[in-house]
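Here is the structure we will look at, set down as structure tokens.
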Amino acid sequence: MIAAVLAVSMQTWSKDMSKMTLISMVATAAAFLAAPDISVGGATPVVEDHKIIAPIVRKGRVPVNGIDYYYEIRGEGEPLLLLHGGLGQIEMFKPVMPVFTDHRQVIAVDLQGHGRTPLGDRPIELPAIGADLAVLVKQLGYDKLDVFGYSFGGGVALHMAANAPDHVRRLVILSAPYAQNGFFPEMLPQQAAVGAGMAEMMKDTPMFLSYKAVAPDVSEFPKLLDAMGALMREPNEYGDAVAKLTMPVMLMYGDADMIRPEHIVDFYQKLGGGLRDAGWMRENMSKNRLAILPDLTHYETFASPLMANMAMTFLDGGGKAPNWAEQLGR
């Protein structure tokens with residue numbers, strides 16, 4: 001989803017009310033769109049804990065089913081596939097990338113039509129992109145890895161894991177539903193309006209500026225908006241993909257996300273969580289987890305250090321607190 005920075009700063013970009021109206025609609029429209037950081041190049045950013053982003057150790061392209069995917073690999077350790085939100089690219093994770101690369105080898109991919117990856121001649125469809133990425137990581141030499149996806153990337157991650165469950169060790173889905181009806185109903189007509197007609201009005205927004213900075217063919221931006229709009233107009237429901245997830249899964253959302261709380265609970269219950277008390281010895285505990293992050297909207301979750309550290313705790317297999325008996329040494 002297009003980030004809050006657009007909504008908050010909109011008045012500084014235009015005083016033309018018709019233009020503001022269109023940009024405002026874009027800012028709340030796209031189900032899977034999230035504005036990336038527009039600071040391309042320059043000094044390596046430093047985060048609060050003074051860690052820096054690990055340098056790129058490998059980058060390139062992998063053609064899969066007609067799409068020429070761009071990827072970057074950073075850091076060392078167990079592999080983690082990182083998937084950005086819609087109208088974003090790898091750079092949108094700059095604020096939290098050091099948390100991921102601290103002790104992991106991060107494989108970050110620009111998804112179809114986004115960043116440095118051309119749109120190609122086929123529509124944007126979550127199952128197809130998910131299947132592509134299962135092939136991509138295999139071609140890069142990874143047999144099994146963890147997967148993290150935000151928003152649009154979360155939908156892709158869901159389908160990748162469902163397509164190749166034996167090759168995904170753990171899965172984090174951040175701020176993404178499993179069905180179109182997971183969004184608040186007022187979002188749906190706005191999502192349906194996304195298309196090429198908005199392209200000219202978006203020329204001064206972070207979405208276009210970050211795209212322009214890295215895209216191989218900037219003229220494809222209107223086509224990307226058309227493709228994303230077409231995706232969001234489809235009444236998709238992927239409960240069958242959820243049923244194929246055999247690995248531990250963590251669902252993460254902001255407490256002010258664009259996903260309905262009822263849908264979040266339904267998603268978690270489909271994974272076997274939230275159905276009964278876990279029990280004194282965790283005997284009824286689901287292997288899957290749910291996190292509701294305080295004071296965060298859909299447009300902010302991807303840049304939250306709280307989110308990144310909580311996700312990594314899950315991906316590393318930790319997080320269990322000692323129970324009462326354990327605290328007493330029994």
Side-chain angles (χ1 to χ4, degrees), residues 1-40 84-89 91-92 110-126 129 150-156 175-177 180 182-236 257-259 297-300 302:
M1 183 68 187
I2 298 170
V5 66
L6 172 60
V8 171
S9 304
M10 207 175 299
Q11 301 245 5
T12 67
W13 290 326
S14 174
K15 294 183 179 180
D16 179 335
M17 290 306 295
S18 63
K19 183 174 181 179
M20 285 180 59
T21 299
L22 184 55
I23 293 177
S24 178
M25 182 169 65
V26 175
T28 56
F32 303 111
L33 306 188
D37 187 332
I38 64 172
S39 58
V40 178
H84 62 78
L87 293 194
Q89 61 268 134
E91 283 79 6
M92 74 181 304
D110 281 343
L111 298 173
Q112 181 186 352
H114 292 71
R116 303 156 188 84
T117 298
L119 184 60
D121 297 324
R122 72 181 204 199
I124 289 180
E125 296 175 334
L126 297 180
I129 301 175
Y150 163 66
S151 198
F152 171 61
V156 172
S175 292
Q180 186 193 51
F183 299 104
F184 283 107
E186 65 269 21
M187 299 298 301
L188 300 181
Q190 298 173 25
Q191 293 165 7
V194 173
M198 296 179 173
E200 184 62 30
M201 297 295 186
M202 294 178 65
K203 289 298 178 68
D204 295 325
T205 66
M207 293 75 67
F208 177 75
L209 293 176
S210 57
Y211 178 87
K212 179 182 178 181
V214 298
D217 182 359
V218 180
S219 69
E220 283 199 339
F221 188 70
K223 296 178 184 177
L224 174 59
L225 293 178
D226 271 342
M228 292 299 285
L231 169 67
M232 292 183 290
R233 285 189 287 275
E234 290 294 323
N236 294 315
D257 218 304
M258 68 162 62
I259 315 301
T297 71
H298 185 88
Y299 324 103
E300 301 157 352
F302 69 92

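Remember, predicted model here, so these are calculated numbers, not experimental data.
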For the side chain of [X] and the backbone of [Y], is there at least one donor-acceptor N/O pair under 3.5 Å apart?
X	Y	value
D110	R116	yes
S175	Y150	no
T297	Y299	yes
Q112	G120	no
S210	P206	yes
Q180	M232	yes
H114	L87	yes
H84	L111	yes
R233	A193	no

Heavy atoms only: give me the nearest [X]-[Y] pair and the separation to one decimal.
X	Y	answer
P216	G115	CD-O, 3.6 Å
A176	G155	CB-N, 4.1 Å
N236	L231	ND2-O, 3.7 Å
G182	P177	CA-CB, 4.1 Å
F183	I259	CE2-CD1, 3.5 Å

Min side-chain heavy-atom separation [X]-[Y] under 4.5 Å:
X	Y	value
S151	F302	no
M258	M187	yes
I129	F152	yes

**Fill in**
So CE of M228 and CD of Q191: to nearest 0.5 Å the spacing works out to 10.0 Å

**Item:** Candidate pair M202 and L225, rule side-chain contact (heavy atoms from CB on, under 4.5 Å), full reasoning
**Value:** CA-CA 11 Å; M202 294 178 65; L225 293 178; 3.8 Å; yes

**Message:** Per the side-chain hydrogen bond (donor to acceptor under 3.5 Å, both in side chains) rule, what does the pair list look like for residues 219-229, sequence neighbours excluded?
**Reply:** D217-S219

**Asked** What is the ring orientation for F221 with F208, classed by angle as parallel under 30°, tilted 30 to 60°, or perpendicular over 60°?
**Response** perpendicular

**Message:** Suppose we screen for side-chain contact (heavy atoms from CB on, under 4.5 Å). Which residues come up paired with A215, at least two apart in sequence or across chains?
**Reply:** Y211

